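No experiment lies behind these values; they were computed from the predicted model shown. Each ligand, and each atom within it, is numbered from 1 in the order the structure gives. Computed from heavy atoms alone, side chains included, the values below leave out hydrogens, waters and symmetry copies.
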Amino acid sequence: MKNLNMNILVTDGMEKDAIEFLINQGFNVEEKFYPEEELGKKLQNVDVLVVRSATKVRADIIDEAVKGNRLKMIIRGGVGLDNIDCEYARAKGIEVRNTPGASSDAVAELVIGQLIVLARFINMANLTMREGRWEKKAYKGVEIAGKTLGLIGFGRIARSVANKAKLLGMNIIYNDLPGCVVDDTDDYKCVTLDELYKNADFITMHVPLTKETKYMIDKDAINKMKDGVYLLNCARGGVINECDLLDALNEDKVAGAAIDVYEKEPTPNMDLLNHPKVSPTPHIGASTHEAQKRIGTEITEIILGKCDKLGMNLRQAL
Ligand code: NAD
């Protein structure tokens, strides 16, 4: 087998078939997490860096990496690019890619699961039964059928959630940036944020984390919501202000919250996690076998495509 002299560093894990495929094609693949203070130097000898969300690729790391004049591409296995200084990398000639559609259904299914978990206290019922308590009367829930689901951000994941929630009998309203309004169906109503806050029984976040969306759900926004609203965040920690959410849970303004992503990962605010009205998961939105397989396949396609662009004629050579 030909060695292509192409070094790929995978820092946050990648589906094993995809790694084997790349190794079989002649790429040198190293799978290892490097702490921030070591990563830049390591990247001086790397052509392609593959990350998920744990590795942060900031400007100082990129500055160190480019000294090796080798790093060509950073691939984010997944969607959110907030852990990479994309513009900076691109300005230094490093291509930045992600695998946008591969995990939409996986995240959407987690959201649907959490809607029902919150509505029926499944998180607490699980926990208290394991403690030997039979609290049948404590868990009188609500039905999601007939309730209004408000989606903030109406991109790939949100649309998948909306399609599924509609089949479960929910009314769907959403908010997105001007110009991003869908025209494919009348079933989903685009509303202002204030209208969404006023009318939604369940609100689910599907925006990327940007300067504009940071803390978009804070005390002021929560105060505009219905009393007893349920909030779900499977987008990014930081789009909801966790302290304000905790206050709202304690004041019964928010009836329940499902959270997959946190301001601080992997060391989230334990007061929030331990709150009985919270259903926490450890950033597992994209963690299905199917999504990881799709992400792995998409990453290998991106790498082969890059090799094509570099004139390596790899596909013919293989
Ligand atoms: P997408 O780009 O298809 O959709 C995002 C939508 O948000 C777009 O329609 C955009 O116009 C809208 N938007 C941006 N700023 C907004 C604002 N200020 N107000 C209203 N709408 C705004 O992305 P997607 O594939 O649906 O993913 C959404 C987010 O989900 C990602 O950015 C990522 O952070 C997160 N995500 C989380 C997991 C997980 O494991 N929990 C997995 C995948 C993605």
- prompt: Do the side chain of K147 and the main chain of E143 share a donor and acceptor less than 3.5 angstrom apart?
  reply: yes
message: Angle between ring planes, Y139 versus F121, binned at 30° and 60°: parallel, tilted or perpendicular?
response: tilted
field: Between CD1 on residue I222 and CD on residue E251, distance to nearest 0.5 Å
entry: 9.0 Å
- request: Would you check if the distance from the ring center of Y188 to the ring center of Y174 is below 6.0 Å?
  value: no
field: atom 4 (O) of ligand 1: the protein heavy-atom neighbour that sits closest, reported with distance to 0.1 Å
entry: G155 CA, 3.2 Å
- prompt: Distance-only, no hydrogens or angles: does the T99 side chain make a donor-acceptor pair with backbone N or O of G78 under 3.5 Å?
  reply: yes
message: For D260, state whether at least one heavy atom is located under 4.0 Å from any atom of ligand 1.
response: yes
- prompt: Of N45, N3, N5, D47, which meets side chain to side chain donor-acceptor pair (under 3.5 Å) against N28?
  reply: N3
- prompt: In the protein, what heavy atom is nearest to atom 25 (O) of ligand 1, and what distance, to one decimal place, separates them?
  reply: R156 NE, 3.1 Å
- prompt: Counting only heavy atoms, which portion of I157 has something under 4.0 Å from ligand 1: side chain, backbone, both, or neither?
  reply: both
- line: The atoms of ligand 1 lying under 4.0 Å from a heavy atom of A286, numbered in the order shown, are 40 (O)
- prompt: With a cut-off of 4.0 Å, which atoms of ligand 1 are near a heavy atom of N175?
  reply: 20 (C)
field: Closest protein heavy atom (residue, atom, distance) for atom 35 (C) of ligand 1
entry: A235 O, 3.4 Å
task: Please state which part of R236 comes within less than 4.0 Å of ligand 1, counting heavy atoms only: side chain, backbone, both or neither.
output: side chain
message: Please list, in number order, the atoms of ligand 1 under 4.0 Å from a heavy atom of V107.
response: 38 (C), 42 (C), 43 (C)
query: Starting from atom 18 (N) of ligand 1, which protein heavy atom do you reach first, and at what distance in Å?
result: T213 CG2, 3.5 Å
query: Has the side chain of N123 got a donor or acceptor atom that lies under 3.5 Å from a matching backbone atom of V278?
result: yes
query: At the 4.0 Å heavy-atom cut-off, does G78 count as touching ligand 1?
result: no
- prompt: Which residue supplies the protein heavy atom nearest to atom 31 (C) of ligand 1, what is that atom called, and how far is it?
  reply: V79 CG1, 3.8 Å
- request: Decide, yes or no, whether a salt bridge links D17 with K293 under the criterion of side-chain N to carboxylate O below 4.0 Å.
  value: yes
task: Output yes when the distance from some N or O of ligand 1 to some N or O of C234 is under 3.5 Å, and no in every other case.
output: yes
query: Considering only the protein, which heavy-atom contact is closest to atom 14 (C) of ligand 1, and what is its distance?
result: P208 CD, 3.5 Å
- prompt: Numbering the atoms of ligand 1 from 1, which are under 4.0 Å from a heavy atom of H206?
  reply: 5 (C), 6 (C), 7 (O), 28 (C)
- request: Mark the output for E212 as yes if a heavy-atom distance to ligand 1 is under 4.0 Å, and as no if none is.
  value: no
- request: Starting from the C-alpha separation in whole Å, work towards a yes-or-no answer on side chain to side chain contact (heavy atoms under 4.5 Å, CB included) for L43 and E64.
  value: CA-CA 8 Å; L43 290 176; E64 192 63 24; over 6 Å; no
message: Test your reading of the model: is there a side-chain donor-acceptor pair from N83 to the backbone of T55, 3.5 Å cut-off?
response: yes
query: Looking at R76, K72, K306, which hits salt bridge (charged side-chain N to carboxylate O under 4.0 Å, His left out) with E95?
result: K306
- line: for atom 40 (O) of ligand 1, nearest protein heavy atom and its distance come out as H283 CD2, 3.1 Å
- prompt: At what distance is the nearest protein heavy atom to atom 22 (C) of ligand 1, and which residue and atom is it?
  reply: V207 CG1, 3.4 Å
query: Does ligand 1 have an atom under 4.0 Å from some heavy atom of S104?
result: no
T192 side chain to E195 backbone, donor-acceptor under 3.5 Å: yes
Identity of the nearest option to atom 11 (O) of ligand 1, non-hydrogen atoms only, from L177, D176, V239: D176
